[in-house]
Amino acid sequence: MTRTVVAPATPMVPSAIGVVRLSGPEAQAIGARVFGPLPLPRRAALRTARDAEGRALDEGLVLNFPGPQSYTGEDVVEFQGHGSPAAMAQIIDACVWAGAVMARPGEFTERAFRSGKLDLSQAEAVADLIHARSQRAARAAAASLQGALGRAVEALQADLTRCRVRLEANLDFPEEDGVDPHVHAESMDLMARCAEHGRQMLAQTRRAQRLQEGLRLALLGPPNVGKSSLLNALAGDEVAIVSDVPGTTRDRVLGHLVLDGVPIEVIDTAGLRETQDPVEAQGIARSRRAAGEVDLIVWLGDATGNIPDDRALLADVLAQRARARADRADVGLASDDLAGSGPGLAGVAGADVICVLNKADAAPHASLELGGSTWDLMVSARSGQGLDDLRGWLVAAAGLGLAPEEAGLWSGRERHRQALAAVVSLVFEAQEQLALGSLELSAESLRLAQAQLSQITGSMTADDLLGEIFSTFCIGK
Ligand SMILES: Nc1nc2c(ncn2[C@@H]2O[C@H](COP(=O)(O)OP(=O)(O)OP(=O)(O)O)[C@@H](O)[C@H]2O)c(=O)[nH]1
Ligand SMILES: [Mg+2]
């Protein structure tokens, strides 16, 4: 039998209003015992919350939402009292004493999903909205909550179904000499459309994921080129120590900024060089590791030419990073679904690395061809020159620069990206199988593609996966 659950729906901190929420078959009976007679459905009434002995605990508004017209689809009763953690704890105790059990994190939203109020992508959007780190990410989550991703999934499902129907209708009528050319051509056309549609959704989901999860950027280069100064300039804060002594930075220093709605974590690292100092050597090892963990790298040089550049060192760091990524099977930002979204770079191959000359203020005549190396950009951490170009590159390299309105179409998660990648590759398989003349195998691949797709909205999702998803929610949501 479904139990009635209770939880605080607002944080248990001193605040203007504290909400306690009940949901389940006994919500009204328990609500009436703790708060007194319930108001009419969807009306508010002023009531006193009382404990088992009838002692007053708090005064506030009670709302009554009989199912299915409620957030969870079940009977829901809410008490909006004062945001007093001690009073809220006693009210929850009183509800438990009257028969409710404490809700697990995300249980209200899980119940909403199970009663068909939300699909899984909408339920996830609730958590994404709550945890959004920028306004743009919040708008994307709100769009998902309105069903944007669910509708895109449905449209692709419908296309895949048409394709399957076309193939399966012909399964029972095998042509003597291969697939009917008309069916073949039409199915190939439909599949090409599904593949393109799937690829677009995948690229969009990756962009949405960046928006939600943010980007990590490492500042790398020889000592004293101004990495810490650039971090401070980008973060607009004196986060890192700056000095003219080479080897100042040892530990990683973190700065946070939001560019065009994209949260970015910037990691300042120890300057890379040969050293006998064991502490500095540890710092340098950390710099190299940082390179393996980030989405983007800024390789910094000195425009005055006083500090020699060492591209062999950068190449070495990038090779180490590629190996670390291969171990994690991480495709990184420069993978094919984002290719072309970042600006072309002169300095190095790879859309996720940029070579930047700093101290432009001290070298007014420096060129982007300096010391035998080619550079992409000239900046000055001191005067601010070129920093807007650098910010623009960061946003573009994240694949969020070209179509800002598009990046907020829905909110994306790794789970969605993986499902869509599987859909795209299964549709490619279906195309190949049809090309080889096997209607049956082709139809089967399309069926598997549909099963993958339906995981996004949760119409075919295993219980353990659901448990994993909802456990990341807050209590009371
Ligand atoms: N003229 C000029 N000097 C700069 C600029 N950026 C940094 N500097 C100077 O360069 C020196 C080194 O700066 P840092 O930011 O500490 O350099 P770093 O790359 O972090 O050095 P390490 O931590 O030792 O690897 C300091 O004296 C800064 O004031 C700039 O844009 N223009
Ligand atoms: Mg430094």
Side-chain angles (χ1 to χ4, degrees), residues 216-257 264-294 296-318 320-321 347-348 353-371 373 375-394:
R216 300 183 81 205
L217 160 77
L219 301 174
L220 295 174
N224 243 5
V225 291
K227 299 178 296 299
S228 301
S229 307
L230 185 58
L231 169 71
N232 292 347
L234 287 172
D237 197 4
E238 297 301 307
V239 199
I241 298 174
V242 166
S243 89
D244 55 7
V245 182
T248 301
T249 306
R250 301 287 175 95
D251 272 328
R252 293 180 188 190
V253 184
L254 300 183
H256 297 273
L257 54 147
I264 300 184
E265 183 179 79
V266 186
I267 307 176
D268 173 30
T269 63
L272 299 172
R273 63 169 170 182
E274 293 294 328
T275 176
Q276 300 304 319
D277 179 340
V279 181
E280 190 182 358
Q282 279 197 43
I284 291 173
R286 284 174 194 210
S287 303
R288 287 170 163 276
R289 273 207 300 283
E293 295 162 10
V294 294
L296 299 169
I297 289 178
V298 171
W299 178 258
L300 212 57
D302 181 328
T304 64
N306 290 332
I307 303 171
D309 185 35
D310 188 352
R311 285 299 160 92
L313 202 54
L314 172 60
D316 186 40
V317 168
L318 292 181
Q320 191 180 351
R321 175 178 191 239
V348 280
V353 182
I354 189 171
C355 296
V356 177
L357 277 175
N358 185 33
K359 311 192 188 178
D361 60 290
H365 304 297
S367 89
L368 290 175
E369 302 288 333
L370 186 83
S373 301
W375 301 86
D376 300 300
L377 206 61
M378 188 91 71
V379 304
S380 164
R382 185 165 290 174
S383 73
Q385 175 191 333
L387 291 188
D388 275 344
D389 293 337
L390 180 58
R391 292 186 187 104
W393 177 80
L394 295 176

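Counting convention: from 1, in listed order, for ligands and their atoms alike. Count residues from 1 along the sequence.
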Q: If only atom types and distance count, is the side chain of K359 paired as donor or acceptor with the main-chain N or O of G301 below 3.5 Å?
A: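 No, because the side chain of K359 does not come within donor-acceptor range (under 3.5 Å) of the backbone of G301.
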
Q: Counting only heavy atoms not in L254, do more than 12 fall under 6.0 Å of its CG?
A: yes

Q: Below 2.8 Å, which protein N, O or S atoms neighbour the Mg ion (ligand 2), ignoring water?
A: S228 OG, T249 OG1

Q: Hey, are R252 and E293 close enough for a salt bridge, meaning a charged N less than 4.0 Å from a carboxylate O?
A: yes

Q: Report the C-alpha distance between L234 and H256 in whole Å, list the side-chain angles of each, state the deciding distance to 0.1 Å, and finish with yes or no for side chain to side chain contact (heavy atoms under 4.5 Å, CB included).
A: CA-CA 9 Å; L234 287 172; H256 297 273; over 6 Å; no

Q: Under a 4.0 Å heavy-atom cut-off, what residues line ligand 1?
A: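 Ligand 1 is contacted, at a heavy-atom distance under 4.0 Å, by P223, N224, V225, G226, K227, S228, S229, V242, S243, D244, V245, P246, G247, T248, T249, G271, N358, K359, D361, A362, S380, A381, R382.
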
Q: Identify whether the distance between the nearest side-chain nitrogen and carboxylate oxygen of R273 and D310 falls below 4.0 Å.
A: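 Salt bridge: no.
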
Q: Test side chain to side chain contact (heavy atoms under 4.5 Å, CB included) on N232 and V242 and set out the steps.
A: CA-CA 9 Å; N232 292 347; V242 166; 3.6 Å; yes

Q: Check D309 with R311, please: is the shortest side-chain N to carboxylate O separation under 4.0 Å?
A: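 Judged by the 4.0 Å cut-off on N to carboxylate O distance, R311 and D309 do form a salt bridge.
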
Q: Between atom CD1 of I354 and atom CG of L300, what is the distance when rounded to the nearest 0.5 Å?
A: 10.5 Å

Q: Under a 4.0 Å N-O cut-off, is there an ion pair linking D277 with R250?
A: yes

